[in-house]
Amino acid sequence: MIIMGWNINKNKCLRCGACVSVCPKIALELSEHGIENNKNLCNLCGICEKICPVGAIKVNKNA
Ligand code: SF4
Ligand code: SF4
């Protein structure tokens, strides 16, 4: 089953911060735990997924 939402593979993430820079909703934060997403702000636009150089973010708009 495919579930609508945002997911990050923390093992792949380089903590480069590129996704934080491009997020139009300021929903992403780079913390000591890696990238965190404030899902109340996130609109699932997918820009972070496109900019990530290692494919660590997956955004699925289709419920
Ligand atoms: S999907 Fe869009 S709004 Fe959500 S975290 Fe990524 S860039 Fe930000
Ligand atoms: S762009 Fe990708 S690799 Fe860079 S911090 Fe974001 S999730 Fe991690």
Side-chain angles (χ1 to χ4, degrees):
M1 186 172 68
I2 300 171
I3 298 172
M4 187 168 84
W6 180 101
N7 287 289
I8 184 158
N9 183 331
K10 290 189 177 182
N11 293 325
K12 279 190 180 177
C13 176
L14 306 173
R15 302 190 178 191
C16 68
C19 55
V20 177
S21 302
V22 298
C23 176
K25 304 300 285 184
I26 318 176
L28 297 176
E29 184 182 355
L30 184 56
S31 77
E32 69 265 34
H33 306 296
I35 294 294
E36 310 284 350
N37 187 345
N38 183 337
K39 292 186 178 176
N40 292 326
L41 297 176
C42 176
N43 65 4
L44 301 177
C45 68
I47 294 173
C48 56
E49 178 181 298
K50 291 195 181 85
I51 201 81
C52 179
V54 292
I57 301 178
K58 294 297 170 205
V59 177
N60 184 10
K61 289 183 178 182
N62 304 310

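Quick note: residue numbers are just sequence positions, from 1. In each ligand, atom 1 is the first atom listed, and ligand 1 is the first ligand listed.
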Would you compute the distance between atom [atom1] of [X] and atom [atom2] of [Y] and round it to the nearest 0.5 angstrom?
X	Y	atom1	atom2	result
I8	C48	CD1	SG	8.5 Å
K58	C52	NZ	SG	8.0 Å
I57	N37	CD1	CG	8.0 Å
C16	I35	SG	CD1	7.5 Å
C19	I47	SG	CD1	12.0 Å

Inset, instruction - Identify, by atom number and element, the atoms of ligand 1 in contact range of P24, meaning under 4.0 Å from any of its heavy atoms. - result: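 So the atoms of ligand 1 that pass are 7 (S).
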Which heavy-atom pair separates [X] from [Y] by the least distance, and what is that distance?
X	Y	value
K10	H33	NZ-O, 3.4 Å
A56	K12	CB-CB, 3.9 Å
P53	L14	CG-CD1, 4.3 Å

Exercise. Would one find an N, O or S atom of C13, in either backbone or side chain, under 2.8 Å from atom 4 (Fe) of ligand 2?
Worked result: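 No, outside the cut-off.
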Which of the numbered atoms in ligand 2 are under 4.0 angstrom from any heavy atom belonging to [X]?
X	value
I57	7 (S)
I8	7 (S)
I35	5 (S)

query = Is the shortest distance from a heavy atom of I51 to ligand 2 less than 4.0 Å?
reply =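 Contact check I51 vs ligand 2: negative.
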Contact between P53 and ligand 2, counting heavy atoms under 4.0 Å?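 True for this residue.
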Checking K39 side chain against W6 main chain: does a donor-acceptor pair fall under 3.5 Å?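 Between the backbone of W6 and the side chain of K39 there is a qualifying donor-acceptor contact (under 3.5 Å).
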| query | Can you tell which of N60, L44, N7, V59 makes a side-chain contact (heavy atoms from CB on, under 4.5 Å) with E49? | reply |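 When N60, L44, N7, V59 are each tested with E49, the side-chain contact (heavy atoms from CB on, under 4.5 Å) holds only for V59.
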Pick from L28, I51, I26: which one makes a side-chain contact (heavy atoms from CB on, under 4.5 Å) with V20?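 Answer to the side-chain contact (heavy atoms from CB on, under 4.5 Å) test with V20 among L28, I51, I26: L28.
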Among all protein heavy atoms in this structure, tell me which lies nearest to [atom], with the distance rounded to 0.1 Å.
atom	answer
atom 3 (S) of ligand 2	L14 N, 3.2 Å
atom 4 (Fe) of ligand 2	C16 SG, 2.3 Å
atom 2 (Fe) of ligand 2	C52 SG, 2.3 Å

V54 and ligand 2 - part of the residue with a heavy-atom distance under 4.0 Å: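 Under 4.0 Å from ligand 2, V54 contributes side-chain atoms alone.
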| Which segment of R15 sits under 4.0 Å of ligand 2 when only heavy atoms are counted |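 Only the backbone of R15 comes within reach of ligand 2.
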Notebook entry, point to check: For atom 4 (Fe) of ligand 1, which protein N/O/S atoms are closer than 2.8 Å?
Noted result: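 C42 SG, with waters left out.
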Is R15 salt-bridged to E32, going by a charged N under 4.0 Å from an acidic O?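 Looking at E32 together with R15, the answer is no, because their closest N to O distance does not fall below 4.0 Å.
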**OP:** Tell me, please: is C19 in heavy-atom contact with ligand 1, that is, under 4.0 Å?
**Re:**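 C19 does not count as a contact of ligand 1 under the 4.0 Å cut-off.
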